[in-house]
2 protein chains.
Amino acid sequence: MVKQAASAIARKWRQPKQAHSLERVNRILDVAEAIFIEQGYAAATTKEIAAVAEVPIGTLYQFFPDKEAILQTLAERYSDLLNQQVQVFATEAMLVLPLSEYVRQLVEGVDTFFLENPGYRAVFVEITTTMPETEEAGDQQLIQTMTGILPKLNSAFSPEDCEAIAFVLVKAIGNLIWIASGQPPAFRQRLVQETQKLCLNYLQSYSNPRIDLVSQ
Amino acid sequence: MVKQAASAIARKWRQPKQAHSLERVNRILDVAEAIFIEQGYAAATTKEIAAVAEVPIGTLYQFFPDKEAILQTLAERYSDLLNQQVQVFATEAMLVLPLSEYVRQLVEGVDTFFLENPGYRAVFVEITTTMPETEEAGDQQLIQTMTGILPKLNSAFSPEDCEAIAFVLVKAIGNLIWIASGQPPAFRQRLVQETQKLCLNYLQSYSNPRIDLVSQ
DNA sequence: ACGAAAAAGCGAGAGAAGCTCATGTTGCAG
DNA sequence: CTGCAACATGAGCTTCTCTCGCTTTTTCGT
């Protein structure tokens, strides 16, 4: 898992130019991920990461300005991956599905992603607290994707609506499935269903508002 | 703000028995909160907290096993406060309101709470990452409250449903309003409305399911 | 009122973590 | 071949959390 090259260490530090150092940087990232998952970000020490990755600390700090930057880079790898996954739902094949089926698959897709990438949880648990800006950035990408999709799902959505709806959907799905992924399987399954119901009824209320008994 | 006594330092450390020390403990908590808000949890140092609160470090560590315990205790203060606020929605006066109005006030109540307690954000941003168990505990209280309320709102909910619905509502409202509270006022307002819509349609779908065009 | 036990007060400094820096080595372009 | 940029290295500086041994104060039974 996670074998692709480190795409964007960038920021303000040295970027590996030579093949050998690039390989070392990736080894650092892989080791760091494993240790973060196992012990948590706070408990992990840069010394241990360096030791296990078999590079001296000095070398680690040549490519990462600080410990947080390692977490950042890992978060970016996952963010890109999830966003890529969601892109599928912008394709023609998906857009022609009935709304209920579309929502069902979307929510399940996110659920599957979390199940298949246990590292995501470990990395983002830390990110949310340590660097809120980064999470915002990751979600922002998803929100933009969603904002682009919504008009194609139903032309009843005004452009301004789309932004708000996309925001709500991304945050609600993201958070609920996130939490569900930490629950026992049976309840997790139920929460996934509820999330689908929540989103479906929300979307339907726009194109087809209720005017029945209870409300008002 | 936050003038009530420190209800539960408890855990594994010494509890202040004498009036003087109790006052000191509360001073530590108030100072810590201010510093956490201003600089963030990680940047705050125990030495500074102790210095500003005008107690020696040794004394601080007599009542708090570690830095995290200070954050914990602050989180408990806020959790209790929010839960207290939500209790209002279990009263007869509220329960007789039409569902749409009930949901409106519930969501707005949470929004108001966040606006009136800026410290809540600062404290819980840290908590979520540092001690996920604590957040769970805080929400668990709210979920139980909600689980008790739901059957009174609509007897169509089965007992098993109630647990899942309460879970979804607490997490969805909590997260969305939380995020909204960090947005510019105009968009914040819009998000509050959307959250109301989201929850209302979700609840209505249980007592009065749609069988219209789009779905299926 | 007295004395002992319990609680609180205290801060130097141990221990450990993140990160730096001075210095030496290697790769690559011209 | 020459020279500059990239890379390598690890002792140790800085700064943080938390401990420990000791003194002083409060509480309370007699």
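Below, read A as the first sequence line, B as the second, and so on, with proteins coming before strands; counting in each chain starts at 1.
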* Asked: To the nearest 0.5 Å, what is the distance between CG (Leu142(A)) and OG (Ser79(A))?
  -> 7.0 Å
* Atom-to-atom span, CD of Glu23(A) to P of dA6(D) - whole angstrom -> 20 Å
* Do Phe157(A) and Tyr206(A) make the cut of ring centroids closer than 6.0 angstrom? -> yes
* Examine distances only and state if a side-chain atom of Tyr41(A) and a backbone atom of Glu68(A) form a donor-acceptor pair shorter than 3.5 Å. => yes
* Asked: In degrees, rounded to 10°, what is the bend between the two ends of the helix from dA1(C)-dT30(D) to dG30(C)-dC1(D), using five pairs at each?
  -> 10°
* Is there a donor-acceptor contact under 3.5 Å linking the side chains of Arg121(B) and Ser181(B)? -> yes
* Taking the six-membered ring for Trp, are Tyr202(A) and Tyr202(B) ring centroids under 6.0 Å apart? -> no
* Structure fact -> Atom CZ of Phe64(A) and atom P of dT20(C) are separated, to the nearest Å, by 15 Å
Hey, what are the protein-to-nucleotides 11-19 of chain D N/O distances that come in under 3.5 Å?
{"residue": "dT17(D)", "atom": "OP1", "partner": "Ala44(B)", "partner atom": "O", "Å": "3.3"}
{"residue": "dT17(D)", "atom": "OP1", "partner": "Lys67(B)", "partner atom": "NZ", "Å": "3.1"}
{"residue": "dT17(D)", "atom": "OP2", "partner": "Thr46(B)", "partner atom": "N", "Å": "2.9"}
{"residue": "dT17(D)", "atom": "OP2", "partner": "Thr46(B)", "partner atom": "OG1", "Å": "3.0"}
{"residue": "dC18(D)", "atom": "OP2", "partner": "Tyr61(B)", "partner atom": "OH", "Å": "3.0"}
{"residue": "dC18(D)", "atom": "OP2", "partner": "Lys67(B)", "partner atom": "N", "Å": "2.8"}

* To do: Measure from the side-chain N and O atoms of Thr145(B) to the backbone N and O of Gln141(B), and report whether any donor-acceptor pair falls under 3.5 Å.
  => yes
* Can you tell me how far P of dA17(C) sits from CD1 of Ile49(A), to the nearest Å? -> 12 Å
* Asked: Is it true that a side-chain atom of Gln196(B) and a backbone atom of Arg104(B) form a donor plus acceptor pair closer than 3.5 Å?
  -> yes
* To do: Kindly say whether the aromatic ring centers of Tyr102(B) and Phe89(B) come within a distance under 6.0 Å.
  => yes
Protein N or O to nucleotides 6-9 of chain C N or O, pairs below 3.5 Å:
{"residue": "dA8(C)", "atom": "OP1", "partner": "Lys17(B)", "partner atom": "N", "Å": "2.6"}
{"residue": "dA8(C)", "atom": "OP1", "partner": "Gln18(B)", "partner atom": "N", "Å": "3.2"}
{"residue": "dA8(C)", "atom": "OP1", "partner": "Ser21(B)", "partner atom": "OG", "Å": "3.1"}
{"residue": "dA8(C)", "atom": "N7", "partner": "Arg14(B)", "partner atom": "NH1", "Å": "3.2"}
{"residue": "dG9(C)", "atom": "OP1", "partner": "His20(B)", "partner atom": "ND1", "Å": "3.2"}
{"residue": "dG9(C)", "atom": "OP1", "partner": "Arg24(B)", "partner atom": "NH1", "Å": "2.8"}
{"residue": "dG9(C)", "atom": "OP2", "partner": "Arg24(B)", "partner atom": "NH1", "Å": "3.2"}
{"residue": "dG9(C)", "atom": "O5'", "partner": "Arg24(B)", "partner atom": "NH1", "Å": "3.3"}
{"residue": "dG9(C)", "atom": "N7", "partner": "Gln62(B)", "partner atom": "OE1", "Å": "3.4"}
{"residue": "dG9(C)", "atom": "N7", "partner": "Gln62(B)", "partner atom": "NE2", "Å": "3.1"}

* Stacked cation flag Lys67(A) on Phe64(A), 6.0 angstrom / 45 deg -> no
* To do: With Val107(B) as reference, evaluate Thr112(B), Leu169(B), Val192(B), Leu176(B) under the side-chain contact (heavy atoms from CB on, under 4.5 Å) test and give the passing residue.
  => Val192(B)
